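Because the structure is predicted, anything quoted here is derived from the model rather than measured.
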Protein chains: 2
Amino acid sequence: MKEEQTFTIKQTAKETGISEDTIRYYEKIALLSRAERKDNGHRVYRQENIETIRLISCLKKTGMPLEEMRPFLAVSTDADPAEYPELVELLRSHRENIVSQISSLQQVVDFIDMKLEKGRYRRDCSDEIQDDVSENRMEESKPKSVSTVQMSYFSVSAGVGKSPNSV
Amino acid sequence: MKEEQTFTIKQTAKETGISEDTIRYYEKIALLSRAERKDNGHRVYRQENIETIRLISCLKKTGMPLEEMRPFLAVSTDADPAEYPELVELLRSHRENIVSQISSLQQVVDFIDMKLEKGRYRRDCSDEIQDDVSENRMEESKPKSVSTVQMSYFSVSAGVGKSPNSV
DNA sequence: TCTTGACTTGGAGTCGACTCCAAGTTATAG
DNA sequence: CTATAACTTGGAGTCGACTCCAAGTCAAGA
């Protein structure tokens, strides 16, 4: 029962949906720790590593840049995050991020549904949070209070109830 | 009432949260149609254009590449998509995409919550769909039946219930 | 023994999406 | 009249995330 089943990089790629090149790339940039090697130098992966790669893939889907994943991967391999208060903060803040992403996405779904149903509602897709959690290059760090502005997607030639509340 | 309120690019940037440079870039790649100009050549934006930019920003949040947005923007300015069957298809397929994105995200939220609560559940973050709707570069187009595999995030040194169902 | 295939490495190239720059124009303020 | 600010343009540069390549190793099969 020590036979923990191992995978080649090819299998791992297939298993995770991440290409071999990309897996090697992740190792190169140390997002993944150096994989074990066989005598011939070939990488060996086990379930554990595959989970980690899947976590990366999953976080990627949330739009998280690779660099930001590092602490998450730390939490991943490490046991309990409660011991690392700043990680807890990170988790919380990313959670907020995702929640607002979800609502953004939900609004796009609504938009699409509305379009598909040929209805003409209006929908708001602005979200209260700024998405510069990971970006600090913008000069204008104003709160940009857009949250109340109506989003009348697919603006039908500026037709819909559009109160010009000049911000 | 013909005074429809116009915006400079700067105001538009502030209004939409998209930088001036980026707005110009969108125009350059014709994602936005050429903005009106004043006599002095300065761009003029109106509410309608701002909505369009917001739509782009919103779609961006769903991870959609700019190129893929074009048909959406067509739907946006155009009235009714039901006349364009392929657009309807696009909308539907992107809707599916987003729905699965949402569930991915929800799983990450669950993951985080679980981590925050110090519990040790397992969670699955693989999704049934392939995300190569926009990518056709991968050679291996196998269905990769991962949907049942347990995702034991933060794989605690390969400890959790891990049935090695060699795929 | 030679070839094939699966891997290794380092490094170069690509691509999307900006982001920045230099040079020029125009409007207003001092 | 000049300087400042707000814009314009075309183009170059950057950055993240791959993606591809060439050269090499190694094991197994014809």
In whole angstrom, what separates [X]'s [atom1] from [N]'s [atom2]?
X: A/Ile53; N: D/dA17; atom1: CD1; atom2: C1'; answer: 16 Å
X: A/Leu59; N: D/dA17; atom1: CG; atom2: C1'; answer: 16 Å
X: A/Tyr25; N: C/dT14; atom1: OH; atom2: C1'; answer: 13 Å
X: A/Leu32; N: D/dA17; atom1: CG; atom2: P; answer: 13 Å
X: A/Glu68; N: D/dC15; atom1: CD; atom2: P; answer: 17 Å
X: A/Ile23; N: C/dT8; atom1: CD1; atom2: C1'; answer: 15 Å
X: B/Glu67; N: C/dC18; atom1: CD; atom2: C1'; answer: 14 Å
X: A/Phe7; N: C/dC7; atom1: CZ; atom2: P; answer: 14 Å

Which residues share a side chain to side chain contact (heavy atoms under 4.5 Å, CB included) with [X], sequence neighbours left out:
X: B/Lys10; answer: B/Thr8, B/Glu20
X: A/Ser33; answer: none
X: B/Lys28; answer: none
X: B/Arg70; answer: B/Ile29, B/Ala30, B/Leu31, B/Glu67

- Task: Look only at the side chain of B/Thr52 and the backbone of B/Glu48, and say whether a donor-acceptor pair between them is shorter than 3.5 Å.
- Result: yes
- Query: Under 3.5 Å, is there a donor-acceptor pair between the side chain of B/Gln101 and the main chain of A/Thr62?
  - Reply: no
- Message: Regarding B/Ile29, tell me which of base, sugar-phosphate or nothing describes its non-hydrogen contacts under 4.0 Å with the strands shown.
- Response: nothing
- Note on the structure: With sugar-phosphate taken as primed atoms, P, OP1 and OP2 and all else as base, the protein-contact string of nucleotides 5-10 of chain D at under 4.0 Å (heavy atoms; B, S, -) is --SBB-
- Please identify each residue that fulfils side-chain hydrogen bond (donor to acceptor under 3.5 Å, both in side chains) with A/Glu36, with sequence neighbours left out. A/Arg46
- Task: Please identify each residue that fulfils side-chain hydrogen bond (donor to acceptor under 3.5 Å, both in side chains) with A/Thr12, with sequence neighbours left out.
- Result: none
- If you fit an axis to the five pairs at each end of the helix from C/dT1-D/dA30 to C/dG30-D/dC1, how big is the angle between those two axes, to 10 degrees?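 Here the local axes at opposite ends form an angle of 20°.
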- Would you please confirm or rule out a distance under 4.0 Å between OP1 or OP2 of D/dC18 and any side-chain N or O of A/Tyr26? yes
- Query: Using a cut-off of less than 4.0 Å, is there contact between a side-chain N or O of A/Lys60 and OP1 or OP2 of D/dA17?
  - Reply: no
- Task: Could you tell me which residues satisfy salt bridge (Lys or Arg N to Asp or Glu O under 4.0 Å) with A/Arg95, sequence neighbours excluded, listed by chain and number?
- Result: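 In terms of salt bridge (Lys or Arg N to Asp or Glu O under 4.0 Å), with neighbours along the sequence ignored, A/Arg95 is linked to B/Asp113.
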- Item | All salt bridge (Lys or Arg N to Asp or Glu O under 4.0 Å) counterparts of B/Glu27, not counting sequence neighbours | B/Arg37, B/Arg43
- Just do the side chain to side chain donor-acceptor pair (under 3.5 Å) check on A/Asp110 and A/Gln106 with the steps written out, would you? CA-CA 6 Å; A/Asp110 291 350; A/Gln106 187 53 57; 3.2 Å; yes
Protein-nucleotides 28-30 of chain C N/O pairs under 3.5 Å:
none

